[in-house]
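First the structure, in the form of C-alpha cells, and then the observations on it.
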4 protein chains.
Amino acid sequence: MPKVGMESMRRQQLIDATIDVVAEVGLKGATINLIAKRAGMSSGIISHYFGSKQALIEASVRYLLSQLKIEYSPDNPYDRLMKIVDLNFSGIQKADSSTKTWLSFWGQSMHDPNLYRLQEINKRRLVSNLRYSFKQLLDPKTAHDAAEVTAALIDGFWLRCALSRANQEKFSLAKGYCKKYINSVLEQPTVI
Amino acid sequence: MPKVGMESMRRQQLIDATIDVVAEVGLKGATINLIAKRAGMSSGIISHYFGSKQALIEASVRYLLSQLKIEYSPDNPYDRLMKIVDLNFSGIQKADSSTKTWLSFWGQSMHDPNLYRLQEINKRRLVSNLRYSFKQLLDPKTAHDAAEVTAALIDGFWLRCALSRANQEKFSLAKGYCKKYINSVLEQPTVI
Amino acid sequence: MPKVGMESMRRQQLIDATIDVVAEVGLKGATINLIAKRAGMSSGIISHYFGSKQALIEASVRYLLSQLKIEYSPDNPYDRLMKIVDLNFSGIQKADSSTKTWLSFWGQSMHDPNLYRLQEINKRRLVSNLRYSFKQLLDPKTAHDAAEVTAALIDGFWLRCALSRANQEKFSLAKGYCKKYINSVLEQPTVI
Amino acid sequence: MPKVGMESMRRQQLIDATIDVVAEVGLKGATINLIAKRAGMSSGIISHYFGSKQALIEASVRYLLSQLKIEYSPDNPYDRLMKIVDLNFSGIQKADSSTKTWLSFWGQSMHDPNLYRLQEINKRRLVSNLRYSFKQLLDPKTAHDAAEVTAALIDGFWLRCALSRANQEKFSLAKGYCKKYINSVLEQPTVI
DNA sequence: TATGAATGAGCCTTCATTCAT
DNA sequence: TATGAATGAAGGCTCATTCAT
C-alpha cells in the first residue's frame with residue numbers, strides 16, 4: 001500500500017537535491033549518481049520518476065521559476081514595484097544555491113529548447129509585471145521604458161552578484177539601487 | 001622550417017572555432033573533435049598547442065576579454081562613457097557567437113577557478129572604467145553609485161539580449177537605454 | 001536483490017582474465033576492453049569494481065602473491081625447506097600464464113610504487129621463510145648465507161625457466177638443483 | 001659533406017638515451033619525444049635512423065648484450081669463472097640504469113619475438129661459457145650441473161638486486177656468494 | 001640530412017540508461 | 001515500487017609515425 005503523496009514527495013526531494021548539487025559542482029559535474037545519493041535514493045529512481053536526467057533538470061528549472069511566481073499581493077502600484085524587487089533578490093538570499101544553479105541553467109538554455117522556453121517565460125514575466133505597475137503611475141511610453149530598464153537593472157545586479165559569490169550586504173545594496181532608480185523615475189515630472 | 005607566425009595563426013583559428021562551436025552546441029557539446037574539425041585540423045592539435053581542452057577554453061575566454069580591452073581613446077569624460085557603452089554592445093553585435101559563448105562560459109565560471117578569475121577581472125574593469133569617467137563629472141559618492149548602476153544596466157541588457165537571441169534592433173534599444181540613464185544622472189543637479 | 005558473493009566472483013573472474021591476457025599479450029597489450037571481453041563482461045565493469053585499470057593490475061599481483069602464501073605445514077625443518085622449493089615452482093607449473101604475468105609485473109614494478117612494494121614483500125618472505133628453517137639446522141651465519149643463496153637459486157631458475165617458455169621437465173630439473181643445493185649445505189659439517 | 005661516423009655517433013647517443021630514459025621512467029613511459037630530447041635531437045631522427053621505436057628498443061637491447069660479450073681473456077679455467085661472475089655484476093655496477101633497463105626489457109621480451117631471441121642468446125651464452133670452463137676442471141656431468149646452477153645463481157642474485165634498488169654492498173655480497181659456490185663445487189672431490 | 005608540426009588511431013575513463021530482481 | 005549492477009557509447013588525451021620544409 002503506497003503512501004499517498006509519496007511520489008510527489010520523492011520528486012521534490014530529487015529536485016531539491018538537483019538544485020543543491022548543481023550549485024555545488026555545476027551542471028557538468030552534477031551526475032545522476034550524485035543527485036540520487038544526495039536525495040538518499042538510488043540512481044534508478046530518476047529514470048523512474050522523471051524519465052531522464054534532462055527531464056529532471058527541466059523540472060528543477062520549472063520549480064525555481066515557480067518560486068518567483070508567488071502572487072504579488074494587490075497593494076498599490078508603488079508597493080508592488082518594491083515587492084517585485086524584493087522578491088527577485090530574496091530568492092537569492094534565501095538559498096545561495098539557487099543563484100549558482102540559475103546561472104548554470106542559463107548557460108545551458110541557449111542550447112536546450114525546453115530550458116530556453118522556460119527562461120523566456122521568466123524574462124517576459126518580470127518586465128510584464130513591472131510594466132503593469134509602472135503604467136498605473138506613468139504615461140505609457142515612460143512606463144514601458146522604465147519597465148525595460150528596471151528589468152535589466154534587476155537582472156544585471158543579480159548577475160553581477162551571482163558571479164561574485166556576493167555576500168548579503170551586496171544584495172542589499174543592489175536592492176537599494178534598483179529601488180532608488182524606480183523612485184527617481186517616478187519622481188521626475190512625467191512628460192506626456 | 002616552419003613559417004613564422006604559423007603557430008599564432010593556428011592558435012587563433014582554434015580559438016575562433018571554439019567560440020563558434022560553443023555558440024552552436026554549448027560548452028557541453030563542444031567536443032575536441034568538433035572544434036578541431038571546425039578549424040580544419042586534427043584533434044591532436046589541441047593538445048599540441050594548448051595542452052588540454054580546458055586550456056583552450058580558457059584561452060578563448062581570454063581572447064573574448066581582450067576584445068573588450070580596446071583602449072578608450074582619451075576623449076573627454078562624457079564621450080568616454082558613451083564609448084564604453086558602445087564597445088560593450090558592439091562586441092555582441094559583431095559576432096552573435098560571442099554572446100552565446102559568453103553565457104556558456106559564465107555558467108561554468110562558478111565552478112572553474114580560472115574562468116572565475118577571468119570573469120572577475122572583466123566585471124571589475126567595466127565598473128572601474130565607468131567610475132573613472134563619472135568621477136570627472138560628478139561628486140565621488142554619486143559617481144560611485146552611477147558606475148555601479150550603469151554596469152548593472154549594461155550587463156542586464158546584455159544578458160537579456162543574449163538570452164533572447166536578440167536582433168540588432170534590440171541591441172540598439174538597449175544601448176539607447178544605457179546612454180539615456182547616463183545622461184539622466186549627469187543632468188541632475190549634483191548634490192555635493 | 002543481488003546474489004550474495006556475486007561481487008567477489010566477478011572480481012575474481014576479472015583478475016583471472018587479467019592474468020591470462022597479460023600472459024598472452026603483455027602488460028602493454030592488456031587493454032581494458034581485452035580483459036573485460038575475456039571475462040565476458042563490459043569494459044565499464046572494471047571501473048565499477050576496481051576503480052581503475054591500475055587497481056585491477058595491483059589486485060591481480062596481490063592475488064598471485066597470495067597464491068604463494070599457502071601455509072607451510074608445521075613439518076620438521078628439512079621437510080619445510082623442500083616444501084618451500086616445491087611451492088615456488090608448482091605455482092608456475094599449474095598455470096603457465098602466471099609465469100609470464102609475473103615477469104611483466106616485475107618489469108613494471110621498478111616504476112610503480114605499489115607494485116614495487118608488493119614485489120618487495122614477496123622477495124623478503126621467501127628469504128625469511130628459508131632462513132627460519134635453515135636456522136634450526138645450521139649455525140646462524142651459515143643459515144643466513146644458505147637462505148640468501150637458496151632464494152637467489154629459486155628466483156634464478158624461475159626466471160630462466162620463465163624466459164625460456166620452459167617445459168615441465170626443465171621445471172623438475174630446476175627443482176632438483178635447488179633441493180640438491182640445500183642438501184649439500186646441510187650435509188657439510190657445520191662450522192660453529 | 002657529412003662527417004664520417006656521424007651516423008654511428010648519433011645512433012649510439014640515441015641508444016644511450018634510450019637506456020637512461022627506460023631506466024628512469026620504464027618502458028611504458030619512455031616515449032620517443034623523451035628519448036630524442038634526452039639525446040638532444042629531434043623526434044623525427046629516430047624513424048630516420050632506426051625506422052621505428054621498436055627497432056630502437058631492440059638496438060638498445062643488442063647494445064646491452066654486446067657489453068657482456070667482452071672477450072674473456074685466455075686465462076686458466078678458474079680465473080675465467082671468476083671473471084664471468086665479475087663481468088655479469090660489473091655491468092650492473094657501472095651503470096645503475098642498465099639494471100632497471102634490463103628488467104624492463106625482460107618483461108617485454110615474452111611478447112616480442114625479436115627481444116625474446118636476444119634474451120635467449122644471452123641466457124645460453126652465460127651457461128655455455130660457464131660450462132666450457134667447468135668442463136676443464138670437473139667431470140662432464142658435474143660440470144654441466146655446476147654451470148646450470150651457477151647461471152641460475154648469477155641471474156637470481158642479479159634479479160633480486162635489481163628489484164631491490166640494491167646498493168653496491170649488496171652487489172659485492174652477491175658476487176661473493178657466487179664465487180663461494182663455485183669454489184665449493186670445485187673443492188668437492190669430483191665424483192666420476 | 002634533420003626537423004618538429006601535424007595526424008589520428010587507440011587508450012582509459014565517465015556516466016546516462018537499462019533491467020533483472 | 002525501488003534498487004543498483006551492468007552496459008557501452010562517447011569523451012579527452014597520448015604518442016608513434018609521417019612529411020613538408
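- For E/dA9, the paired base is F/dT14 (Watson-Crick or G-U wobble, both distances below 3.5 Å).
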>> Before you tell me yes or no, could you show the steps for D/Lys100 and D/Val22 under side chain to side chain contact (heavy atoms under 4.5 Å, CB included), namely the whole-Å CA-CA distance, both residues' side-chain angles and the distance that decides it to 0.1 Å?
In response: CA-CA 8 Å; D/Lys100 293 181 184 169; D/Val22 170; over 6 Å; no
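- Within 4.0 Å of B/Ile32, counting heavy atoms only, lie sugar-phosphate atoms of the nucleic acid but no base atom.
- Distance, B/Lys37 NZ to E/dA6 P: 19 Å, rounded to whole Å.
- The separation between C/Met6 atom CE and F/dA6 atom C1' is 10 Å, rounded to whole Å.
- Annotation for C/Lys28: atom NZ does not count as buried by contact number, only 12 or fewer foreign heavy atoms lying within 6.0 Å.
- Backbone-only engagement by D/Thr31 is indicated by non-hydrogen atom pairs under 4.0 Å involving sugar-phosphate atoms exclusively.
- Residues B/Gln54 and B/Asp112 have side chains that bring a donor and an acceptor to within less than 3.5 angstrom of each other.
- The side chain of D/Arg10 places an N or O atom within less than 4.0 Å of a non-bridging phosphate oxygen (OP1 or OP2) of E/dA2.
- Note: CZ (C/Phe50) to C1' (E/dC12) measures 16 Å, nearest angstrom.
- Of the candidate nucleotides E/dT17, F/dT3, F/dT7, F/dT7 has the atom nearest to the side chain of C/Ser42.
- With rounding to whole Å, B/Gln13 atom CD is found 13 Å from E/dA6 atom C1'.
- The separation between B/Ile46 atom CD1 and E/dA5 atom P is 17 Å, rounded to whole Å.
- Between the P atom of E/dG4 and the CD atom of B/Glu7 lies a distance of 13 Å, rounded to the nearest Å.
- At F/dA5, none of the side-chain N or O atoms of C/Tyr49 fall inside 4.0 Å of OP1 or OP2 (strictly under the cut-off).
- Pairing partner, E/dT14: F/dA9, with both Watson-Crick or wobble hydrogen-bond distances short of 3.5 Å.
- Nearest approach of B/His111 to A/Ala23, heavy atoms of both residues: CE1-O, 2.7 Å.
- Using a 4.0 Å cut-off between charged nitrogen and carboxylate oxygen, A/Glu120 and A/Arg117 do not count as a salt-bridge pair.
- Atom CG in B/Leu56 sits about 10 Å away from atom P in F/dC13, given to the nearest Å.
- Out of F/dT17, F/dA9, E/dT7, the shortest distance to the side chain of D/Ser52 is found at F/dT17.
- Listed nucleotides E/dA2, F/dA6, F/dG4 differ in distance to C/Ile45; the shortest reach to its side chain belongs to F/dA6.
- The residue B/Ser47 sits close to a base: some heavy atom pair falls under 4.0 Å.
- Taking NZ of A/Lys37 as the reference point, atom OG1 of A/Thr31 lies at 8.5 Å (rounded to 0.5 Å).
- Checking F/dA20 for Watson-Crick or G-U wobble geometry (two distances, each under 3.5 Å) identifies E/dT3 as its partner.
- Where C/Gln54 and D/Asn33 each meet DNA chain E at their nearest nucleotide, the meeting point lying more 5' is that of D/Asn33.
- In this structure, D/Leu14 places its CG atom 14 Å from P of F/dA16, rounding to the nearest Å.
- Look at D/His48 and you'll find a side-chain N or O under 4.0 angstrom from OP1 or OP2 of E/dT1.
- Toward the 5′ end of DNA chain E lies the nearest nucleotide of A/Lys28, the other residue of the pair A/Lys28 and A/Gly51 mapping further downstream.
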